[in-house]
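Whatever order the structure lists ligands and atoms in, that order sets their numbers, starting from 1. Residues: numbered from 1 along the sequence shown. None of these values were measured; they are calculated from a predicted model.
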Amino acid sequence: MAIRHYRWSRCADLAFVVFLLACIAAAGAALHYHGGRLEREAAAARLRLLEVDAHYTLDHLERTLTTVSLTLQSLLETGYAGHGAATWNTLLRDALRHAPHLRSLSLLDDHGTVVASSSPANLGLQPPLSDFLPPGNGLGGVLRIGRLHAGRDLADGRAVADAGAAPPTLAFVPVVRSLGKGESGTLGLLATLNVDYFLNRIGTHDLEEGAWVDVLRSDGALLLSTREAALDAATRAADEDIAVRWRAGDGRGSRLETPADKTLITTWRTARVLPLGVLARLDRDRALAEARHETRRQFFILLPLIALAFAGVLAGYVLLRRNARQHIAAQERDFDRMDILLDALPAAVLVFGHDGRAVLANDAWRQFAAARPGLAGRGTVHYRDYARQFRTEAGNDTVAGGIRAILHGERQAFEGEYALHDDATQAAVQIIARPFAHGGPPGAAVLQLDISDRRHAEERNRLLHATLDAAANAIVITDAEAVIQWANPAFTALTGYTPEEAVGHRPSELVKSGKHAPAFYAEMWNTILRGEVWRGEVVNRRKDGVLFDEALTITPVRDRDGRLRHFVAVKEDITVRKLQEHELQRLASTDPLTGASNRRVFMERLSLELARVRRYGKQAALLMLDLDHFKQINDRHGHAAGDATLRSFTTLAQRTLRQTDTLGRLGGEEFAVLLPETDEEQAAELAERVRGRLAAEGIAFGDEAIRVTVSIGIAQLETTDTTPDTVLARADEALYRAKQGGRNRVERTACAR
Ligand SMILES: Nc1nc2c(ncn2[C@@H]2O[C@H](COP(=O)(O)OP(=O)(O)OP(=O)(O)O)[C@@H](O)[C@H]2O)c(=O)[nH]1
């Protein structure tokens, strides 16, 4: 079965893995960003503190050196003129007592030789002043700063040439100030700055952990440093670079330095007046150690939580996937069962997925598709290809439109009957489409039934219907209980009842005339219940009460099991024909002038009655009647009066006789009466009554009253009579005697007397 199940695809798994990895990456990026932010914030904070360190150190240095400068200037200005070397020594010692930041104070003569000093060991020394900064020999009274020296004082000190070397444990920096009175005769004061004092002062302000401060002259020479170790070459190069920037006027700044394998946060600022600057550094890794520790701590707290969340998501996905797999397996089992079921169906079944492509089809559909060039050989059939196979009659929905409406959820059902395009067999199909949802998005299930046979049957039925409707004979179909189920228009024309009025009723309730004995109907029923056709003539009554004759044929109809299910009655209106027959019969059997039976009929009845008498021994009598002197009536009153007399006599006789008696005109003015079930006495009485009434009443002809009498002869029908003529002969003989006896008489046969 060509089928495309909705399954939990590998794409879903891949998408989930990608999603999970993306979530992990996002979580990692968030943690990384968070850690970076902590580091950046920590670095910024540490930089600010480092800047404060640099600022404090420089500020302290500037103040101290300004104080030193003022102290030296004050000593020079007050002690120059009047004091000798001894006084200067005392003066300088006193001054040193109040200056813990100084190691010694020495007075220099204009050759640069120490002539007085707070420290006797310095006397006579000639410290080199050429590399002091600012350069020159003290013109202008500016404090000039020498290099860092290792040692306690001038006597044992030696200059530290390498700015990056490890600072000596005991060190001083010489500074000098002159009075600014020219090169010759100029005095100067040289003070040695106590490096330890400065380091201690800087140290009292807590330096950042991992930070150190270098104080450099503007030429890059080291003045003091809080570090203990020598700088590496890269850091030294960085220092020189900063010194260059100082000299170029870049007085303050901060930057990250990456000498060797570490990163340093460096900030610097230069003094406003003095030729020196402070350079504070911090090992970034050490500075950020705490922040990194905090980041790690948070990471190790968050990591299990994130891992737990991902584990939960993964478990949920696996559960979902397992349920989906079970669902798909159940679906596939359903589909398998459906396959067997659908393949057994004679109707074509096709299921379109939500995308309009076929996902399921049965054998009947494949057979149908194999015979269609527009469908055969296609991998997956689209509903539009399928719909193109059918012709749409005007006013009908197209197959494509119906299926599309189902797929779009606009309709819940679609049905229609369609002819196939280019089909020589004129085949017709019924297409029924319903929404189909089986685990995936809704599709459309299409059932295609071949209704060609039904169409042909309907066509035949229509033709039969039209034939029955057009039939001249009334046709009625009843059920086995004779209840009318259908009647054609001719039935209405015949009975006056419309089909609507007739259906649900029995014919006996509508048209029964009461003219037939129950036995008649019983015989009819017996015949048709035996399954035989009944034919006969029936007198029925129309809706308006008028009787009519019909020739009726009732045909029983059996079902496939042989059970009587229906009766079909065909009725022909024979009223006119029956009237014509009656008239012909009447004309053939009666005398045209009087209406009495003619001689032939009378003789037949006489013959029949004689047979009854002979067979059953019953009694019957015959009267022979002849009007007296009838010729005279003709002669006197005319032939018309004679005819009127004959008619009036007939009427009088029939009025007088019984219903069962038969009056016949045998010829001329001669009549005969057959009296069944009558003995001679009764016959004589009747004859006498006729004779007496005629004699008494006479015949009225116009205004005239014609007197006329009748002579009557009576004969009894005997079992010994072999022919009617023998009876007639006896009656005639009695009549003759009545004539002979004077007319207007009744005579019996001779043997009876
Ligand atoms: N008007 C008329 N006359 C008829 C008809 N048939 C026979 N006749 C006449 O009836 C008359 C019969 O006369 P008759 O046989 O001589 O007998 P009658 O005159 O009745 O005399 P009796 O029988 O002897 O009493 C004849 O003149 C017939 O022409 C008929 O149909 N109409």
Side-chain angles (χ1 to χ4, degrees), residues 583-606 621-657 661-675 680 683-716 724-750 752-753:
E583 185 58 16
L584 282 173
Q585 198 177 1
R586 190 184 65 75
L587 290 173
S589 62
T590 57
D591 167 53
L593 178 66
T594 62
S597 296
N598 61 21
R599 182 180 182 87
R600 182 183 58 80
V601 170
F602 187 84
M603 290 306 287
E604 283 173 3
R605 292 190 184 172
L606 177 59
L622 178 71
L623 306 181
M624 285 286 286
L625 304 93
D626 191 287
L627 294 176
D628 298 329
H629 303 300
F630 185 66
K631 186 176 180 304
Q632 293 175 11
I633 295 172
N634 274 335
D635 294 345
R636 284 183 199 156
H637 304 284
H639 202 266
D643 286 349
T645 301
L646 289 173
R647 281 195 295 270
S648 297
F649 172 71
T650 302
T651 305
L652 181 146
Q654 284 175 331
R655 242 185 22 235
T656 307
L657 294 171
D661 301 337
T662 301
L663 172 66
R665 185 185 174 201
L666 300 184
E669 83 291 19
E670 192 179 65
F671 294 86
V673 176
L674 178 61
L675 303 171
E680 196 170 350
E685 275 177 35
L686 272 172
E688 190 55 40
R689 204 179 302 160
V690 172
R691 185 206 62 76
R693 186 172 282 181
L694 180 65
E697 295 177 8
I699 299 297
F701 179 67
D703 296 334
E704 290 182 68
I706 298 172
R707 255 194 65 78
V708 63
T709 58
V710 65
S711 296
I712 302 172
I714 302 171
Q716 195 74 26
D725 289 336
T726 56
V727 185
L728 274 177
R730 281 205 302 281
D732 199 36
E733 185 268 329
L735 175 63
Y736 176 76
R737 279 190 283 105
K739 289 281 186 183
Q740 291 299 317
R743 293 181 172 81
N744 193 21
R745 294 172 59 88
V746 175
E747 286 293 337
R748 306 182 189 192
T749 53
R753 290 187 197 133

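- Protein heavy atom at the shortest distance from atom 23 (O) of ligand 1 is Lys739 NZ, 3.2 Å.
- The option with the heavy atom closest to atom 31 (O) of ligand 1, from among Arg665, Lys631, Gln632, is Arg665.
- Atom 28 (C) of ligand 1 has its nearest heavy-atom neighbour, among Asn634, Thr645, Thr594, in Asn634.
- Taking 4.5 Å as the limit, every side-chain heavy atom of Glu670 sits out of range of all side-chain heavy atoms of Leu625.
- A donor-acceptor pair under 3.5 Å links the side-chain atoms of Arg665 to the main chain of Gly668, judged by distance alone.
- Among all protein heavy atoms, the one lying closest to atom 7 (C) of ligand 1 is Gly668 CA, 3.7 Å.
- Residues Asp591 and Leu646 fail the side-chain proximity criterion, which asks for heavy atoms closer than 4.5 Å.
- Counted by atom type alone, Thr709 and Asp628 present one or more donor-acceptor pairs between their side chains at under 3.5 Å.
- Here the protein heavy atom with the shortest distance to atom 32 (N) of ligand 1 is Asp643 OD1, 3.1 Å.
- Protein heavy atom in closest approach to atom 15 (O) of ligand 1: Glu669 OE2, 4.1 Å.
- In this structure, His637 has no heavy atom closer than 4.0 Å to ligand 1.
- Under the 3.5 Å distance criterion, the side-chain polar atoms of Thr594 are matched with a main-chain donor or acceptor of Ala596.
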